[in-house]
Structures are given as structure tokens and as C-alpha cells.
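Before any comments, here is the structure.
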Amino acid sequence: MQERYNFKDIEKKWQERWERDAVYRVEEEPQKEKYYCLEMFPYPSGNLHMGHVRNYSIGDVVARFKKMRGYNVLHPMGWDSFGLPAENAAIKHHIAPMTWTLDNIRNMREQLKAMGLSYDWQREVTTSLPDYYKWTQWLFLQFYKHNLAYKKKAHVNWCPSCATVLANEQVVDGGCERCETPVEKKALEQWYFRITAYAQELLDSLVDLPGWPEKVKTMQENWIGRSEGVEIIFTVEKTGEKIPIYTTRPDTVFGVTYIVLAAEHPMVNKLIDGTSYEKPVKEFVKKVQQLTEIARTSAETEKEGIFTGAYAINPINQERIPIWVTNYVLYEYGTGAVMGVPAHDERDYMFAQKYELPIRFVIRPAEQEIDPEEKQEAYVDDGIMFNSGSFNGLTSAEGRHKIAEYLEEMGAGKVMVNYRLRDWLISRQRYWGAPIPIIYCEKCGVVSVPEQDLPVILPLDVEFRPTGESPLNNIPEFLHTSCPECGGPATRETDTMDTFVCSSWYFLRYADAQNTEEAFSREKVDYWMNVDQYIGGVEHAILHLMYARFFTKALADFGLVGVREPFQNLLTQGMVLKDGFKMSKSKGNVVSPEEIINKYGADTARLFILFAAPPERDLEWSDRGVEGSYRFIQRVWRLIYHYLQDLSEAKDKFVNNGVNSSADKDLRRLLHGTIKRVTEDIELRFNFNTAISAIMELVNGLYHYRSEVEKQNAQLLQETIEKLLILLAPFTPHLSAELWEAVGLKDSVHSQDWPAYDEAALKTEEVEIVIQINGKVRDRLVIPVELGREELEKQALSTEKVQAAISGKEVRKVITVPGKLVNIVVK
RNA sequence: GCCCGAGUGGCGGAAUCGGCAGACGCACAGGACUUAAAAUCCUGGGAGAGUCACAUCUCGUGCCAGUUCAAGUCUGGCCUCGGGCACCA
């Protein structure tokens with residue numbers, strides 16, 4: 001054994017041995033309790049970044065800990081390997097996306113292995129390989145069969161830079177989530193998944209997820225955006241055609257002074273065709289549609305509109321009101337038409353002022369009148385109805401209910417629930433994705449690719465420069481096929497699937513990754529699911545986590561899985577920052593994990609990143625801090641090294657007897673206290689930082705013991721060191737394995753049972769009591785633990801300092817907290 | 001605007017059920033070892049007053065109130081920062 005820890009050789013030695021002995025391979029063992037520990041799989045960009053290191057270090061501690069706790073632990077890893085970066089890199093470096101991707105995977109797999117992570121590599125999945133995307137395609141067909149996948153023409157989000165459509169969720173601040181280019185609207189025929197069919201369940205079952213952060217659940221709630229309201233039907237005066245509008249404030253329906261249509265609303269043309277309003281209105285609509293998505297959806301944009309010349313009848317009071325077209329009503333939400341109540345809505349108020357439309361107050365605050373001449377703004381709160389016919393005097397809440405009822409009775413409205421959540425647009429006009437397994441036949445129309453013909457292979461020899469059309473259109477061998485139903489000439493769908501489709505079910509494939517007959521066997525999925533602990537960045541709070549939940553629910557309805565929620569517990573880790581900012585190439589503050597591992601070893605990197613902050617919080621990278629972790633590892637090594645040296649060369653330092661001396665007892669108490677703290681920190685709170693600091697204290701205690709105790713208790717020392725190495729094993733697996741072997745212990749440290757602590761060892765004979773006077777610490781007292789309350793109070797009152805402090809004063813009260821303090825209240 | 005989360009030494013952070021604020025680590029200072037340096041080991045440390053040095057006292061967890069014998073922790077109101085949603089009718 002060398003005096004210094006040579007991490008380079010030793011980490012390599014253990015990684016090779018673990019791989020050789022396949023120690024992390026796992027099978028279903030029905031008699032054993034399972035634990036599924038999952039970290040979000042990476043996009044193979046080429047190199048690990050610190051966010052990965054943090055994510056996978058956390059997951060590895062959990063997986064190793066649970067394994068030592070006796071669980072059958074599934075801990076897999078794979079690659080989310082379809083997507084745009086491969087195409088962009090390929091264009092830049094003239095290399096095929098498949099080659100680029102596989103090279104990156106190879107590189108990153110080596111980097112992961114160099115971290116000493118306990119993955120079962122037999123279960124590795126790569127979403128861009130046919131053995132995986134075959135089943136993505138198969139799942140698409142199941143969605144199609146169950147009417148949860150459909151095609152429709154719609155105004156979709158288009159990123160001109162990426163030359164593809166984007167899902168609503170991928171539009172951030174009106175720009176492309178990836179490149180920030182302002183998103184345009186394009187009318188295209190696209191494939192959708194009917195996620196809205198599950199909107200209510202996705203919302204309701206959030207309460208079944210107590211192991212998720214509130215924050216994430218709130219974000220999903222907001223995203224689903226449920227609102228309860230009423231659809232009210234207004235009638236066009238001249239033609240009698242119906243315009244349904246949606247409102248959450250039916251109590252204000254007597255205050256309607258106009259109605260507004262979205263620019264895209266089909267009624268617009270019907271109202272204006274052939275009238276003098278036709279030309280100006282069409283110009284206005286054109287102008288609105290030319291706005292970028294940012295301008296279109298920004299609350300800052302000036303509200304504009306134009307009168308159509310037509311009038312509608314308000315069903316509540318038969319009033320005749322003008323119909324306008326505006327830029328602020330969204331066609332996609334509700335009915336694309338809104339009633340204008342300027343008195344009680346800020347937007348409507350601004351709009352009415354600008355175009356001099358009447359403002360009529362119909363709700364007033366309780367106990368207060370509203371003077372329409374005086375009031376200079378909308379009153380948007382609930383209140384008491386007035387100017388509202390027979391509904392006068394009702395509260396807003398009552399009014400909403402009564403008006404809805406009344407309108408329903410007369411057939412002019414119905415209660416309705418609306419969601420902000422839209423169906424999920426999954427087609428992409430790009431090359432590097434799973435082809436959608438659909439064939440278009442001139443005679444038979446839209447036809448599914450028969451399951452036995454899957455996978456529809458993505459051709460590899462392709463000119464894939466973005467053109468706005470799928471590059472697959474330019475490959476005749478791919479494009480032209482025959483119809484599976486009639487055998488006639490047909491063409492394939494050339495769009496590929498959004499990569500989020502691939503990542504919506506990968507956690508199921510891990511349960512049965514090698515299956516060539518099915519996506520996964522029901523039996524194996526039933527054994528492993530749910531994921532007991534999912535760990536990843538909060539940036540996936542909406543997209544990935546919502547889609548994966550949707551998939552799981554749909555697959556449950558198809559009878560493919562037995563659970564309706566995929567992830568029992570979710571841990572969202574914070575970002576890794578440097579100098580206060582997220583590490584990024586453009587900021588030039590990137591620290592490469594590869595360099596850190598080369599310089600200090602994987603154990604140091606893991607230890608630092610777990611020690612520097614609790615997992616949910618952002619972590620500030622510190623090179624000095626890394627050195628501190630490195631020093632600690634060397635310190636542990638030296639402790640064992642000198643201990644072994646003494647064992648062989650200075651036997652007279654040790655004695656073999658029971659734990660009698662106070663130093664022995666202190667060490668034993670420290671050991672068992674540490675076991676307790678570390679266990680609870682990992683198991684209950686995921687506070688790895690405090691778990692590590694507890695271990696550091698134990699090491700400090702061992703140093704003290706070794707330097708100060710003349711005759712060391714050999715057995716106690718041996719026990720303490722063994723348990724120390726076990727406690728360290730999840731954090732620094734290589735160091736622990738090597739020292740375990742060096743101490744001459746059998747098997748691997750990683751296959752040991754997690755130690756239990758001895759409650760009796762935690763007990764002390766004496767305890768220090770704090771004595772406060774009026775809440776301030778004035779003295780301390782060391783007393784036997786079993787000392788009674790009365791005796792304690794007596795002693796506390798009689799100490800010199802207390803006597804001095806209370807002399808001449810009246811003792812009004814004495815509060816005693818056994819084992820902790822005595823507070824003497826004096827006046 | 002609405003909804004979350006967070007503010008503690010020079011820094012990262014700890015205090016788990018209302019009971020000694022600052023564990024552990026970083027940085028710093030001093031000492032030991034060394035020809036020397038590095039490495040290592042040991043010691044110290046919130047701020048201020050006070051003392052030759054102790055002792056001792058005061059203040060201190062974003063701000064202002066409150067509850068309590070006792071508040072970083074509970075309540076109310078604010079401030080700042082971070083995140084999410086936002087023309088959703």
C-alpha cells in the first residue's frame with residue numbers, strides 16, 4: 001500500500017473489476033423488494049457537463065444506498081439521441097448524424113464509466129437505433145388506433161431557423177426554445193397527440209404525487225390552466241347565425257357593450273363579404289396575421305380592432321351590440337370570440353376607451369356605490385350585481401351560477417370547462433427523428449404501417465440540409481412504397497416525431513431493454529414500475545414530465561402497463577453555476593468534468609458536488625472546494641494507511657478489551673451517532689452535504705482518538721473503520737472499495753449491508769445544561785442524565801453566576817427543558 | 001399583474017419538533033515538522049465594547065411589528081433576488 005492515494009490506477013482498477021464481474025447487473029427477483037432509481041437520460045452532445053455529473057452523482061448515491069439497504073435496485077442509463085443538434089453538427093462538420101451521434105455516445109459512455117456509476121449497462125437504450133424506435137413507432141400506432149393520434153391542418157408555430165414546427169410547449173417568450181428565433185405562424189397539416197383528453201386527469205392526479213416538489217406541480221397546474229365558465233351564444237342580427245363566446249364572468253353579462261372575434265375566426269368573412277366594411281377589415285386581419293408570435297401574444301402590444309358593421313343580440317336582454325375584430329383575442333382558446341365588458345375587465349376598458357365604446361357598470365363593491373362618471377378604471381373584483389334586471393342584488397358568485405342556469409334553460413348557453421393545454425403537435429419536418437409509420441394511398445387514404453413491417457427504417461445516406469420540408473421527401477426509395485391494404489402505389493409520411501415522444505416511454509423500456517418481440521413485457525414492467533425516485537433538472541418540469549405522465553396514462557388505458565403515474569418521487573436538482581452564472585460556452589465559464597476527473601479523480605468530483613450544496617439548490621462551483629474534497633479523501637487514506645502500519649509494526653499501541661474508557665465510549669458514541677445522521681440524511685432528506693460533513697466529523701474524531709489515546713482499543717477501531725468505509729461507499733465508491741480490500745475485509749464494500757446504529761451507544765452519562773436568565777445564556781452545568789427536574793432546578797439556581805445575576809431580584813418563573821436548558825425568569 | 005422559492009460570517013453552507021446561531025468545509029492567521037518550500041498535523045476565529053491578559057457586557061440570521069419564559073424557526077406587513085405563468089376572456 002502506498003502512502004498516497006493514487007486515484008488514477010485505483011479508480012481504473014475498480015471500474016474494470018466491476019465491469020468484469022458484472023456487479024451492477026440486475027434481474028427481477030420477485031421475492032425481493034425492488035427499487036427503481038432513475039436519472040434523466042442525456043442528449044449525447046459529445047461531452048458530459050457538470051449538470052450531468054451532479055445529476056448522476058446524486059442518483060448513484062441513492063442507488064448504492066438502496067442496494068445496501070437490501071433492495072433489488074434498477075439503475076439504468078441510455079441516450080436521448082434523436083434531435084436537431086446532430087443535424088446541425090453534421091452540417092457543420094460534414095459527418096452523418098448517425099456517425100456523429102454514435103461517436104458522441106461512445107465518448108460519453110466512457111466518461112460515465114470513469115465516474116464509477118453503478119449502471120446496469122445491459123439495459124442501455126439508444127432512442128435513435130431501430131431496436132428502440134421500432135417500438136416508438138409501434139406506440140404511435142397504438143395511439144392512432146385509440147384515436148389519440150390524429151392529423152389536422154392548423155396554424156402552427158414555425159421556427160424559420162430550425163425550419164420545422166414546434167409544439168406549444170417549445171415556444172418560449174414567443175421564440176424557439178432552442179435558438180430563440182421569433183416563431184412564425186404557418187398553416188400546415190400536422191400530426192397531434194390528443195393530450196387534452198387527459199387534461200383533467202393530469203390535473204387531478206397531481207394530488208397523488210406527494211413525493212413531487214410543490215413547485216413542479218404548480219407549474220403543471222398552471223400549464224394545464226383549467227378554468228370554469230359559461231359558453232354564451234350570441235346571435236348575429238341579420239343572419240341569425242350563432243356566435244358562441246366563452247366567459248368566466250357570466251355575472252357581468254349585462255355589462256356587455258360589444259363582442260370581439262379573433263382575426264382568424266371564420267365568422268369574420270361571413271359578416272363583411274359584400275359590405276363596405278370588407279376591404280378595411282380584411283386589411284386589418286392581414287396586418288394582425290403578419291405580426292410575429294411575440295408581438296401577437298405580448299400583453300404590451302397595443303390593443304387594436306375594427307368594427308365589422310354587423311350587430312349581435314345579447315341573449316340575456318336582447319340588446320343589439322356591435323361586433324368587432326381585434327388583435328387581442330386568441331383563436332385557439334375558448335371559442336375564439338369574447339364578450340366585451342369594459343366596466344369589469346382591464347383590457348376591455350382600454351379597448352372601449354380607445355374606440356369610444358360604452359362602458360356600463362353592473363357590479364359594485366359590497367357596501368359601496370359606483371359612480372360611472374367618476375370611475376376611471378375597470379372594477380375587476382367580485383361584488384354585487386346591479387343594472388342586471390331580475391338578477392340585481394346577487395353576489396357575483398351567486399350571479400355566475402344563476403345566469404348560467406337561466407341561459408342553459410333558454411338554450412343560449414352552457415356551463416363549460418376550458419383548458420389552456422393544447423393537443424401535442426408531434427410532427428417535425430426534420431431528418432433526425434423516428435419516422436411516423438403512416439402511408440398515404442391514393443385509393444385507401446391514410447393507412448397505418450402494419451406492425452410486422454416495423455420499424456420504418458430511417459435511411460442513413462441522406463442530404464439533410466433543412467429546406468422546410470422533410471429531407472425524406474427527396475429519397476424516392478423511402479418515399480414511394482405500396483399500400484399495405486390494396487397494394488397500389490402509395491407514399492410514406494415523411495415527417496419525423498418530436499424527440500419528446502421517444503423520451504416519454506424510455507423508463508418502461510429499461511425494464512425490458514433487450515426485448516425483440518415487444519416494446520416491453522407487461523410482467524417485467526409490473527415488477528419494476530413505478531420509478532421510485534426520478535432525478536433531473538427542473539427545466540423538464542413541464543414538457544418531459546407532462547408528456548411522460550400522459551403516455552403512462554394512455555398506455556395504462558391500452559392495457560400495456562398497470563400504473564397511471566410513472567414517477568413516484570421526483571427530485572429536481574439545482575443548476576451548477578460558476579461565478580454566479582450557469583456554465584455556458586458563451587460565458588466562457590465552463591469547467592470540464594473530464595479535466596476535473598483527470599486531475600483529482602472521480603471520487604473527488606462526486607464528493608465535492610454532493611458536499612457543496614443540498615441537491616435542490618443551485619451550486620456554486622469552487623476550484624478551492626474541489627481541492628478540499630481531494631484533501632479529505634487523502635486524509636481518509638492516510639488514516640487507514642497509518643493504522644495498518646501500526647498494526648503490523650507497533651502492536652504495543654493496541655489492546656484488546658471491552659469499551660471501558662471514556663475515550664472509547666466517546667468514539668463509539670461518535671460512530672453510532674454518525675451512522676444515524678448519515679442514514680437519515682440520505683434516506684429521509686437527500687441532504688448529502690450534511691451526511692458528508694457527519695462523516696468528516698467521524699474522521700476528525702478518529703484522528704483525535706489515534707493521536708491522543710495511548711492504548712487504542714483494537715476491536716473498536718476495526719469496527720469504526722469498517723463502518724466508516726461502508727458509510728463512504730455510496731459517495732466515494734473507488735476509495736472505499738480499495739481501502740476495504742487493504743484492511744483485509746472479505747467481499748466488496750458495496751455488497752455489505754448498510755450498518756444499523758446501536759441506540760444504547762448514543763446514550764451519554766452526563767449532559768451539559770444551558771442556564772439562561774431571561775432567555776440569555778448565563779452559565780452551563782454538567783449533570784448526570786438521570787438527574788431529576790427538581791434537583792436540576794435547585795443546582796441551576798445555586799451556581800455562582802446565577803446567584804450573582806439574580807441577587808436582589810424576584811424569580812418569577814423557572815422553565816426547565818430536560819436534557820437541554822433551564823431558563824430563569826427574573827424581574 | 002398572478003403563483004412559487006430564497007435571503008444566516010470574507011465564501012459554500014449547518015441548526016431535522018420554538019430551546020446554546022454559525023456544524024462541516026473553503027479562504028485567512030498562528031504554531032509544529034523541514035536547511036527551505038510543498039505536503040501534513042495542531043490551534044484560532046460573527047461584530048463591537050472592555051481588559052496587560054482574562055473575566056464580563058452589548059449587538060447580531062433582509063426590514064418593521066407581533067406572539068412566547070425563549071424566534072433563523074411561528075403570525076401579520078414590507079423590501080430584495082431567483083424561477084414559473086401571463087392579452088387565456
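Naming convention: chains lettered A, B, ... in sequence-line order (proteins, then strands); numbering from 1 in each chain. Note that the coordinates shown come from a computational prediction; the quantities given were computed from them, not determined experimentally.
- Side-chain contact between A:Val822 and A:Ile769 is present, with at least one heavy-atom pair separated by less than 4.5 Å.
- Among the atoms of the strands shown, base atoms are found under 4.0 Å from some heavy atom of A:Val329.
- Of the listed nucleotides (B:rU56, B:rC20, B:rC85), B:rC20 has the atom at the smallest distance from the side chain of A:Val777.
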Side chains of residues 609-618 of chain A: which donor-acceptor partners sit under 3.5 Å, not counting sequence neighbours?
| unit_1 | atom_1 | unit_2 | atom_2 | d |
| --- | --- | --- | --- | --- |
| A:Glu616 | OE1 | A:Thr572 | OG1 | 3.3 |
| A:Asp618 | OD1 | A:Met575 | N | 2.8 |

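- The residue A:Glu214 sits apart from the nucleic acid: no heavy atom pair falls under 4.0 Å.
- The stretch residues 258-265 of chain A has no heavy atom under 4.0 Å from RNA chain B, so no residue of it qualifies as close.
- A donor atom on one side chain and an acceptor atom on the other are not found under 3.5 Å apart for A:Asn222 and A:Arg420.
- Side-chain N/O atoms of A:Arg778 include none lying less than 4.0 angstrom from OP1 or OP2 on B:rC20.
- Contacts of A:Lys582 with the nucleic acid, taken as non-hydrogen atoms under 4.0 Å apart, are absent.
- A heavy atom lying under 4.0 Å from RNA chain B marks the following residues of residues 609-624 of chain A, by number: A:Phe611, A:Ala612, A:Pro614, A:Arg617, A:Asp618, A:Arg624.
- The separation of B:rC79 from B:rA65, taken at their C1' atoms, amounts to 15 Å, rounded to a whole angstrom.
- Considering only heavy atoms from C-beta on, A:Ile363 comes within 4.5 Å of A:Tyr379 through its side chain.
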Please tabulate, one pair per line, each protein N/O and nucleotide N/O from nucleotides 40-42 of chain B that are separated by under 3.5 Å, including the distance.
| unit_1 | atom_1 | unit_2 | atom_2 | d |
| --- | --- | --- | --- | --- |
| B:rU40 | O3' | A:Arg638 | NH2 | 3.1 |
| B:rC41 | OP1 | A:Arg635 | NH1 | 2.8 |
| B:rC41 | OP1 | A:Arg638 | NH2 | 3.2 |

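- Residues satisfying the side chain to side chain donor-acceptor pair (under 3.5 Å) test with A:Gln634, not counting sequence neighbours, are A:Tyr630.
- For the salt bridge (Lys or Arg N to Asp or Glu O under 4.0 Å) test, residues two or more places apart in sequence or in another chain that qualify with A:Lys653 are A:Asp646.
- Spacing between B:rG77 and B:rU67 at atom C1', rounded to whole Å, works out to 15 Å.
- Using a 4.0 Å heavy-atom criterion, one finds that A:Glu332 contacts no nucleic acid atom at all.
- Within the 4.0 Å cut-off from OP1 or OP2 of B:rA14, at least one side-chain nitrogen or oxygen of A:Asn689 is found.
- Counting to the nearest Å, the C1' atom of B:rG83 and the CZ atom of A:Phe581 are 16 Å from each other.
- Distance noted for atom P between B:rG46 and B:rC54: 14 Å (whole Å).
- For A:Glu228 and B:rA89, the CD to P distance is 12 Å, given to the nearest whole Å.
- Rounding to the nearest 0.5 Å gives a distance of 9.5 Å between CD1 of A:Ile321 and CE of A:Met339.
- For RNA chain B, the neighbouring residues in residues 812-825 of chain A, judged by any heavy atom under 4.0 Å, are A:Lys813, A:Ile815, A:Val817, A:Lys820, A:Leu821, A:Asn823, A:Val825.
- The distance from atom CD1 of A:Ile783 to atom P of B:rC20 is 16 Å, rounded to the nearest whole Å.
- A:Arg549 meets the side chain to side chain donor-acceptor pair (under 3.5 Å) test with A:Ser205, A:Gln220, A:Glu565; sequence neighbours excluded.
- Look at the C1' atom in both B:rC24 and B:rG62: the space between them is 25 Å, to the nearest Å.
- One finds a side-chain N or O of A:Lys776 lying less than 4.0 angstrom from the OP1 or OP2 phosphate oxygen of B:rC59.
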Write down the protein N/O and nucleotide N/O pairs, taken from nucleotides 46-49 of chain B, whose separation is under 3.5 Å; answer none if there are no such pairs.
none

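- Under 3.5 Å, the side chains of A:Gln772 and A:Arg778 contain no donor-acceptor pair of N or O atoms.
- Listed by first and then second residue, the salt bridge (Lys or Arg N to Asp or Glu O under 4.0 Å) pairs that reach into residues 324-345 of chain A are A:Asp345-A:Arg347, sequence neighbours excluded.
- Applying the 4.0 Å criterion to OP1 and OP2 of B:rA89, one finds that A:Tyr333 has a side-chain N or O inside that range.
- Salt-bridge annotation for A:Arg677 and A:Glu697: present, with a side-chain N of the basic residue lying under 4.0 Å from a carboxylate O of the acidic one.
- Residues A:Tyr328 and A:Glu304 form no side-chain contact, since every pair of their non-hydrogen atoms from C-beta on lies 4.5 Å or further apart.
- Residues A:Val183 and A:Leu166 meet the side-chain proximity criterion, which asks for heavy atoms closer than 4.5 Å.
- Within the 4.0 angstrom heavy-atom criterion, only backbone atoms of the sugar-phosphate kind lie near A:Gly628; the bases stay farther away.
- Other residues, nucleotides and ligands place more than 12 heavy atoms under 6.0 Å from the NZ atom of A:Lys354.
- Going from atom CG of A:Asn418 over to atom CD of A:Glu231 covers 8.5 Å, rounded to the nearest 0.5 Å.
- In this entry the distance linking CZ of A:Arg420 with P of B:rC3 reads 16 Å, nearest Å.
- With a glycosidic angle no more than 90° from 0, B:rG9 adopts the syn conformation.
- A distance of about 14 Å separates the P atoms of B:rG66 and B:rG60, rounded to the whole Å.
- Distance check on atom P: B:rC33 versus B:rC26 gives 24 Å, rounded to whole Å.
- More than 12 heavy atoms of other residues, nucleotides or ligands lie within 6.0 Å of CD in A:Gln353, so this atom counts as buried by the packing criterion.
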- Query: RNA chain B in dot-bracket, Watson-Crick or G-U pairs under 3.5 Å, [ ] crossing, | other strand?
  - Reply: (((((((..(((......[....))).(((((.......))))).((((......))))..(((((..]....))))))))))))....
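- Mapping A:Val770 and A:Thr218 onto RNA chain B by nearest heavy atom places A:Thr218 closer to the 5' end of the strand.
- For the pair A:Lys599 and A:Asp623, the salt-bridge criterion is not met [side-chain N within less than 4.0 Å of a carboxylate O].
- Of the N and O atoms on the side chains of A:Tyr246 and A:Ser227, at least one donor lies less than 3.5 Å from an acceptor on the other residue.
- Taking atom P in both B:rG84 and B:rC11, one finds a spacing of 27 Å when rounded to whole Å.
- For B:rC17, the base is syn relative to its sugar; the glycosidic angle is within 90° of 0.
- Applying the 4.0 Å criterion to OP1 and OP2 of B:rG13, one finds that A:Ser693 has every side-chain N and O outside that range.
- Under the rule for a side chain to side chain donor-acceptor pair (under 3.5 Å), the partners of A:Gln200 that lie at least two apart in sequence or sit in another chain are A:Asp204, A:Arg226, A:Tyr419.
- Separating the CG atom of A:Asp345 from the C1' atom of B:rA86 is a distance of 14 Å, rounded to the nearest angstrom.
- In this structure, A:Arg635 forms a cation-pi arrangement with A:Tyr703, its terminal cationic atom sitting closer than 6.0 Å to the ring centre and no more than 45° off the ring axis.
- Each of A:Gly625 and A:Arg249 was assigned the nucleotide of RNA chain B with the nearest heavy atom; the assignment lying further toward the 5' end belongs to A:Gly625.
- With salt bridges taken as basic N to acidic carboxylate O contacts below 4.0 Å, one links A:Asp681 and A:Arg685.
- Between the C1' atoms of B:rG76 and B:rG22, the separation comes to 28 Å (whole Å).
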